[in-house]
Amino acid sequence: MNDSALHVAVVGSGPAGFYAAAALLGSDLDIEVDLIERLPTPWGLVRLGVAPDHPNIKAVSRAFEKTAANPGFRFFGNVEVGRDVTHEELSRLYDAVLYSVGAQTDRALGIPGEELPGSWAATEFVAWYNGHPDFQHLAFDLSGERAVVIGNGNVALDVARMLALTPAELAVTDTTDAAIEAIAGAGIREILVVGRRGPVQAAWTPVEVGELGELEGADVVVDPADLELGAASEAELAAAPPTVRRNIEHLRDYAAWKPAGKPRTIRLLFLSSPVAILGDERVEGVELVRNELVDGRAVATDERQTVDAGIVFRSVGYRGVALTGLPFDERAGTIPNTGGRVEPGLYCAGWIKRGPSGVIGTNKKDATETVQLLLDDARAGLLRPRSGDSLEELLADRGVDAVLYVGWEAIDASERAAGEPHGRPRVKLATWEELLAAARATSKAK
Ligand code: FAD
């Protein structure tokens with residue numbers, strides 16, 4: 001490392017971490033960045049959240065690879081802040097620390113039965129089919145005829161679509177083999193997506209809604225009555241951005257379609273909330289209440305229905321987790337900050353800064369805004385100079401076996417090589433043992 005440079009630790013290597021690193025390394029100050037990541041693999045939700053049948057979106061990782069090629073960049077995977085190194089230590093070892101740790105858990109519905117076996121957070125299912133090494137032990141029983149997905153965002157649609165993909169559609173993706181096998185062999189006939197408000201208020205985007213109509217193995221069903229919007233929603237639609245109008249156009253097309261008799265059906269149900277997940281030993285159904293919209297809010301009526309369900313996925317939002325030694329806003333699930341500055345020397349970006357919303361690109365503007373404040377503080381002499389040994393020494397003393405960027409490149413090469421003969425982008429290594437073994441197969445250190 002260059003002693004005269006400013007040393008910045010960025011914690012979390014998802015989009016926000018990489019965009020922050022790029023902005024720091026591209027500034028006119030002499031800066032070196034250590035990107036610290038708890039997993040042996042970088043890219044955060046680009047690798048482990050974005051749906052495997054969206055390879056073009058995952059290709060944003062090429063921009064991250066360019067950042068990693070910068071001589072001032074180092075990657076320390078398999079290093080968890082809070083477990084292997086504390087925030088206090090990082091703030092001593094670096095001139096500034098920037099947290100981009102994302103939102104690591106899910107929001108609860110707060111209804112009876114939520115904890116029954118067969119009731120899952122979408123976060124768990126998404127992490128499982130994407131090969132997150134902490135989630136491979138989970139066993140999803142997809143034998144029931146109906147899966148219920150609660151939520152009206154893009155993640156809910158990802159889950160619904162993944163459940164509906166045919167073996168041929170899955171075969172060309174980097175979905176784990178265990179997930180491909182389970183989805184292909186599932187007994188599911190209907191995937192019911194439940195939104196508490198109406199179609200105008202849904203948070204999904206037109207590409208995802210449009211894709212539902214292109215599935216080989218699933219019809220999409222919308223009740224035309226749900227598209228009779230009422231005066232308030234019509235007015236909201238008239239004033240809404242074009243994306244909302246495109247969503248409604250897609251839904252109108254679906255409402256007019258006659259099902260083609262495909263093996264599975266995705267049914268979109270609006271103005272309904274789960275009040276209980278039912279079952280004795282495990283999920284057997286969901287009790288739903290019909291809502292009406294009052295000033296844009298969903299208000300329960302006394303109209304209830306029960307639907308049978310073999311499995312439930314709760315997709316009502318991700319949530320940030322507090323890190324020891326750092327301030328935390330429990331309500332918002334974020335680190336309290338102003339434009340990404342917590343205090344001079346301590347910053348945040350991405351979902352832990354603004355909450356779990358926005359697409360990958362949103363994090364670029366967001367991280368750049370944070371880095372601008374960090375640079376302002378550096379120029380104003382507000383950063384407390386680092387002191388003490390280096391991170392490598394501290395990790396070596398503790399016996400922490402960090403995965404450096406060459407280690408990740410070895411994982412990457414082995415996964416791509418395994419995928420190539422089958423026309424797949426990669427076959428993911430999905431256990432800690434496999435990932436660490438592949439990373440260790442390299443002896444060179446960057
Ligand atoms: P993350 O991507 O979550 O990265 C955080 C990183 O921090 C992770 O790698 C994590 O392991 C690491 N970390 C956490 N705690 C620690 C710690 N204590 N020490 C060290 N490291 C730590 N956007 C799109 O544009 N297109 C899509 O198709 C799309 N699909 C999505 C699908 C799903 C299921 C989800 C959840 C999101 C999707 N998004 C999509 C949104 C996009 O993924 C997010 O905007 C983005 O990933 C947020 O970036 P981030 O860097 O804040 O968090």
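Whatever order the structure lists them in is the order used to number ligands and atoms, beginning at 1. The shown structure was predicted, so the numbers you read here are calculated from the model rather than taken from an experiment. Counting begins at 1 with the first residue of the sequence.
- Counting heavy atoms closer than 4.0 Å to ligand 1, residue S100 contributes backbone atoms (N, CA, C, O) but none from C-beta onward.
- With salt bridges taken as basic N to acidic carboxylate O contacts below 4.0 Å, one links R440 and D401.
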Walk me through it: do N154 and R161 pass the test side-chain hydrogen bond (donor to acceptor under 3.5 Å, both in side chains)?
CA-CA 10 Å; N154 280 339; R161 197 181 65 255; over 6 Å; no
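- Taking atom 53 (O) of ligand 1 as the reference point, the nearest protein heavy-atom neighbour is G102 CA, 3.4 Å.
- Residue V81 holds the heavy atom nearest to atom 18 (N) of ligand 1 of all those in D84, V50, V81.
- Taking a 6.0 Å sphere around CZ of R62, one finds it holds 12 or fewer heavy atoms contributed by other residues, nucleotides or ligands.
- The aromatic ring centroids of F76 and Y405 lie 6.0 Å or more from each other.
- Here the protein heavy atom with the shortest distance to atom 10 (C) of ligand 1 is E37 OE2, 3.5 Å.
- Although no hydrogens or angles enter the test, the distance criterion places no donor-acceptor pair under 3.5 Å between the side chain of E32 and the main chain of A5.
- Checked options S273, S315, P274, S272; the residue passing with I150 is P274 (criterion: side-chain contact (heavy atoms from CB on, under 4.5 Å)).
- Under 4.0 angstrom from ligand 1, the non-hydrogen atoms of V359 come from both its backbone and its side chain.
- The presence of a protein heavy atom under 4.0 Å from atom 39 (N) of ligand 1 is ruled out.
- Shown here, atom 12 (C) of ligand 1 is in close reach of the protein: a heavy atom of it lies under 4.0 Å off.
- Within the 4.0 Å heavy-atom criterion, both parts of L45, backbone and side chain, lie near ligand 1.
- I57 CG2, 3.5 Å is the protein heavy atom nearest to atom 26 (N) of ligand 1.
- Note on ring orientation: taking the six-membered ring where Trp is involved, the planes of H132 and F135 are perpendicular (angle over 60°, cut-offs 30° and 60°).
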Could you check R354 against E369 for salt bridge (Lys or Arg N to Asp or Glu O under 4.0 Å), going step by step and ending with a plain yes or no?
CA-CA 12 Å; R354 60 173 206 281; E369 176 195 49; over 6 Å; no
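- Ring geometry for F125 versus F313: interplanar angle of 30 to 60°, hence tilted.
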Determine, step by step, whether R426 and D412 satisfy the salt bridge (Lys or Arg N to Asp or Glu O under 4.0 Å) criterion, reporting the C-alpha distance in whole Å, the side-chain angles of both residues, the deciding distance to 0.1 Å, and the verdict.
CA-CA 8 Å; R426 61 179 69 236; D412 190 36; 2.7 Å; yes
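- Nearest-residue assignment for atom 15 (N) of ligand 1 (options V126, L157, V101; heavy-atom criterion): V101.
- Summarising the local packing, NZ of K364 is surrounded by 12 or fewer heavy atoms from other residues, nucleotides or ligands at distances under 6.0 Å.
- If you run side-chain contact (heavy atoms from CB on, under 4.5 Å) between V8 and each of L374, D95, L383, only L374 comes through.
- For ligand 1, the atoms sitting less than 4.0 Å from at least one non-hydrogen atom of G350 are 52 (O), numbered in the order shown with element in parentheses.
- Some N or O of A16 is nearer than 3.5 Å to an N or O of ligand 1, by distance alone.
- Nearest to atom 49 (O) of ligand 1 among the protein's heavy atoms is P15 CD, 3.5 Å.
- Of all protein heavy atoms, the one closest to atom 35 (C) of ligand 1 is V155 CG2, 3.9 Å.
- Of all the atoms in ligand 1, the ones that sit under 4.0 Å from a non-hydrogen atom of G44 are 2 (O), 4 (O), 8 (C), 9 (O).
- A distance below 6.0 Å separates the ring centres of F18 and F73.
- Comparing S315, P356, G49, G358 by heavy-atom distance to atom 33 (C) of ligand 1, the nearest is G49.
- In terms of protein heavy atoms, atom 25 (O) of ligand 1 is closest to I360 N, 2.8 Å.
- Proximity to V11 (heavy-atom distance under 4.0 Å) selects the following atoms of ligand 1: 19 (N), 20 (C).
- With a 4.0 Å cut-off on non-hydrogen atoms, D158 touches ligand 1 through its side chain and not its backbone.
- For R252, the CZ atom sits in a packed shell: over 12 heavy atoms of surrounding residues, nucleotides or ligands are nearer than 6.0 Å.
- With a heavy-atom cut-off of 4.0 Å, Q104 touches ligand 1 through its side chain alone.
- Each of the following atoms of ligand 1 lies closer than 4.0 Å to a heavy atom of G14: 2 (O), 4 (O), 6 (C), 51 (O).
- Taking only nitrogen or oxygen atoms, main chain and side chain alike, E80 does not reach within less than 3.5 Å of ligand 1.
- By the 3.5 Å distance cut-off applied to N or O atoms, R354 is not counted among the residues near ligand 1.
- Applying the 4.0 Å criterion to heavy atoms of Y318 picks out, from ligand 1, the atoms 34 (C), 36 (C).
- The side chain of L323, and not its backbone, has at least one atom closer than 4.0 Å to an atom of ligand 1 (non-hydrogen atoms only; side chain from C-beta on).
- For atom 37 (C) of ligand 1, the nearest non-hydrogen atom of the protein is W351 CH2, 3.7 Å.
- Residue contacts with ligand 1 include V79, since one of its heavy atoms falls under 4.0 Å from the ligand.
- Here W408 and F75 keep their ring centres 6.0 angstrom or further from each other.
- Summary of contacts: the protein heavy atom closest to atom 20 (C) of ligand 1 is R38 N, 3.3 Å.
- Within a 6.0 Å sphere centred on CZ of R297, other residues, nucleotides and ligands contribute 12 heavy atoms or fewer.
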